[in-house]
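These numbers come from the heavy atoms of this one structure, side chains and all, not from hydrogens, waters or symmetry mates. Remember, predicted model here, so these are calculated numbers, not experimental data.
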Amino acid sequence: MLSPYRVLDLTTERGLLCGQILADLGADVIKVEPPGGSPARRLGPFVGDEPHLERSLVWWAYNRNKRGITLDLEHVEGRALLRRLAARADFLIESDAPGTLAARGLGPADLAAVNPRLIYVSISPFGQTGPKAGYAASDLTVMAASGPLFMTGDADRPPLRVSVPQAFLHASAEAAAAALIALHERHRSGLGQHVDVSAQQAVALATQSGSLAAAVGWLETDRVAGGAAIGPLALRFVFPASDGHVSITLVFGASIGRFTRRLMEWVHEDGGCDAATRDKDWDHYFELLLSGQEPFAELDRVKQVVADFTSTRTKADLLTTALARGLLIAPVATVAEVVESEQLAARGYWQLIEHPELERTFRYPGPFARPSATPLTYRHRPPLVGEHNREIYVGDLGLGDKELAALRTKGVV
């Protein structure tokens, strides 16, 4: 779909997903790394627990379908080469601190003078402007500044960050979408533009209605591990199984109360609760709690009844009965169970990619979407350090082999 377009990906680990999304859509993405490799290559885990530039699973996860070159932008000749590359590109993605590339003469205005059609995408913690634009930040601090961190963790303890970094994945996905919107606009105007993506703003969208509730003074969502707290209501959605956990939508109301009723009928049949618990008015249970007709302690007792019931059964048994009875129960899958998922296997999700340095083939997560007429394909494994230097510098820019060798000797590439 994007095969006519070229992308220069200058990002660190904070923006790699943006380039990979565009690459999966067919764009020719050139990953530009400093000589010696990107810092992202030094992030673990590593294959075989052996730290190595070509063994980082973080690097492998976000760089498929890209070609790779090395280029030292601290060197005047390196900056000149980037300008030549930018003159031929449609997009440039970067995730440096605001002003870093502009200080080298490689900012949006500088490269627009070289290529007015270039779409220049900047991914940063807080955006290119504002009092926090120059702040250093990590995934933790961006999540803290955005809202979701406050809602994650146990109610009686400090907030917790989601274990897998999320902030810059949100920002990268938003940046890819924004880049394509800018491309659409370029068809009308013929001009590129600067796309300024703030990770804080991208992650703030993940509060769902929380930010709106705070703005209008309504009940805010608080953190409850495995559930949600809305005002005085503490809901629980994750329950123990004998071999892990399951998610149960244990909520109430006219549209969903019948599912809770069916669950409690099963619990009662098994001897897990009395008839009075089974026969509560689940359609109007919220109103009973909020009016005080039903004490909140009784809701806590019901949640424990359900937990005691599910803890004696396996995830598979709970799912089988849920399908038969029409219950809202789903297993909480481990990563290993996702890898072995029958559903993903049936859709041909996993893709085999060979890594020549290790002389092994690995299963990769498949495309994020399945367009019927233009399926997404994996054209390239993640590049080795400087793997396509000759292909790009000699084949595309027309440098001679001796010229490339001289640049290598000087540490420019």
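- In the displayed structure, Glu269 atom CD is contacted under 6.0 Å by more than 12 heavy atoms of other residues, nucleotides or ligands.
- Here the CD-OG1 distance, from Glu340 to Thr334, works out to 9.5 Å after rounding to the nearest 0.5 Å.
- Between Asp28 and Arg6, at least one side-chain nitrogen of the basic residue sits less than 4.0 Å from a carboxylate oxygen of the acidic one, meeting the salt-bridge criterion.
- Distance CG/Leu111 to CG/Leu85: 10.5 Å, rounded to 0.5 Å.
- Of all the heavy atoms in His268 and Asp274, the pair that sits closest is CD2-C, 3.5 Å.
- Screening residues 148-160 for side-chain hydrogen bond (donor to acceptor under 3.5 Å, both in side chains), with sequence neighbours left out, gives no hits.
- Residues passing the ring-ring contact (aromatic ring centres under 6.0 Å, His included) test with His194 are Tyr120, sequence neighbours excluded.
- Between His355 and Phe362, the angle of the ring planes goes over 60°, which puts this pair in the perpendicular group of the 30/60° scheme.
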Apply side-chain hydrogen bond (donor to acceptor under 3.5 Å, both in side chains) to the pair Gln293 and Ser291, showing each step before the final yes or no.
CA-CA 6 Å; Gln293 297 177 65; Ser291 68; 3.0 Å; yes
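- Applying the side-chain contact (heavy atoms from CB on, under 4.5 Å) rule to Arg301 yields the partners Thr277, Lys280, Glu298, Val305; only residues at least two apart in sequence or on another chain are considered.
- A distance-only check finds no donor-acceptor pair linking the side chain of Thr314 to the backbone of Ser242 [under 3.5 Å].
- The distance from the OH atom of Tyr135 to the OG atom of Ser124 is 14.0 Å, given to the nearest 0.5 Å.
- With sequence neighbours left out, Phe259 forms a ring-ring contact (aromatic ring centres under 6.0 Å, His included) with no residue at all.
- Under the 3.5 Å distance criterion, the side-chain polar atoms of Asn389 are matched with a main-chain donor or acceptor of Thr70.
- Using a distance-only test at 3.5 Å, with no hydrogens or angles considered, no donor-acceptor pair links the side chain of Gln166 to the main chain of Met143.
- Just one residue in the list Asp270, Thr321, Val246 forms a side-chain contact (heavy atoms from CB on, under 4.5 Å) with Arg313, and that residue is Asp270.
- Counting only distance, with no hydrogens or angles, the side chain of Glu387 and the backbone of Leu384 share a donor-acceptor pair below 3.5 Å.
- Annotation: side chain to side chain donor-acceptor pair (under 3.5 Å) contacts of Glu185 (sequence neighbours excluded): Arg188, Ser189.
- Atoms CG and CZ, from Leu352 and Arg360 in turn, are 12.5 Å apart once rounded to the nearest 0.5 Å.
- Ser56 places no side-chain N or O within donor-acceptor distance of the main-chain N or O of Leu53, the cut-off being under 3.5 Å.
- Sorted by first and then second residue, the side-chain hydrogen bond (donor to acceptor under 3.5 Å, both in side chains) pairs with a member in residues 31-52 read Glu33-Arg41, Arg41-Glu54; sequence neighbours excluded.
- For the pair Ser95 (side chain) and Thr12 (backbone), a donor-acceptor distance under 3.5 Å is present.
- Not a single donor-acceptor pair under 3.5 Å links the side chain of Arg236 to the backbone N or O of Leu250.
- Between Gly257 and Asp283, the shortest heavy-atom distance links the atoms CA-OD1, 3.6 Å.
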Would Gln304 and Asp300 satisfy side-chain hydrogen bond (donor to acceptor under 3.5 Å, both in side chains), going step by step from the backbone distance to the final call?
CA-CA 6 Å; Gln304 189 57 51; Asp300 292 336; over 6 Å; no
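- Across all their heavy atoms, Glu94 and Ser122 have their closest contact at OE2-OG, 2.6 Å.
- Taking the six-membered ring for Trp and thresholds of 30 and 60 degrees, Phe252 and Tyr285 have ring planes more than 60 degrees apart, a perpendicular arrangement.
- Listed for the Asn115 side chain is a donor-acceptor partner under 3.5 Å among the backbone atoms of Ala86.
- In Arg379, the CZ atom is crowded: over 12 heavy atoms of neighbouring residues, nucleotides or ligands sit closer than 6.0 Å.
- Ion pairing between Arg67 and Asp396 holds under the 4.0 Å rule for side-chain N and carboxylate O.
- A donor-acceptor pair is defined here as one N or O able to donate and one able to accept, closer than 3.5 Å; such a pair exists between the side chain of Asn65 and the backbone of His380.
- The main-chain N or O of Ser146 is never found under 3.5 Å from a side-chain atom of Gln200 such that the two would form a donor-acceptor pair.
- Residues Pro35 and Val412 share a closest heavy-atom pair of CG-O, 4.0 Å.
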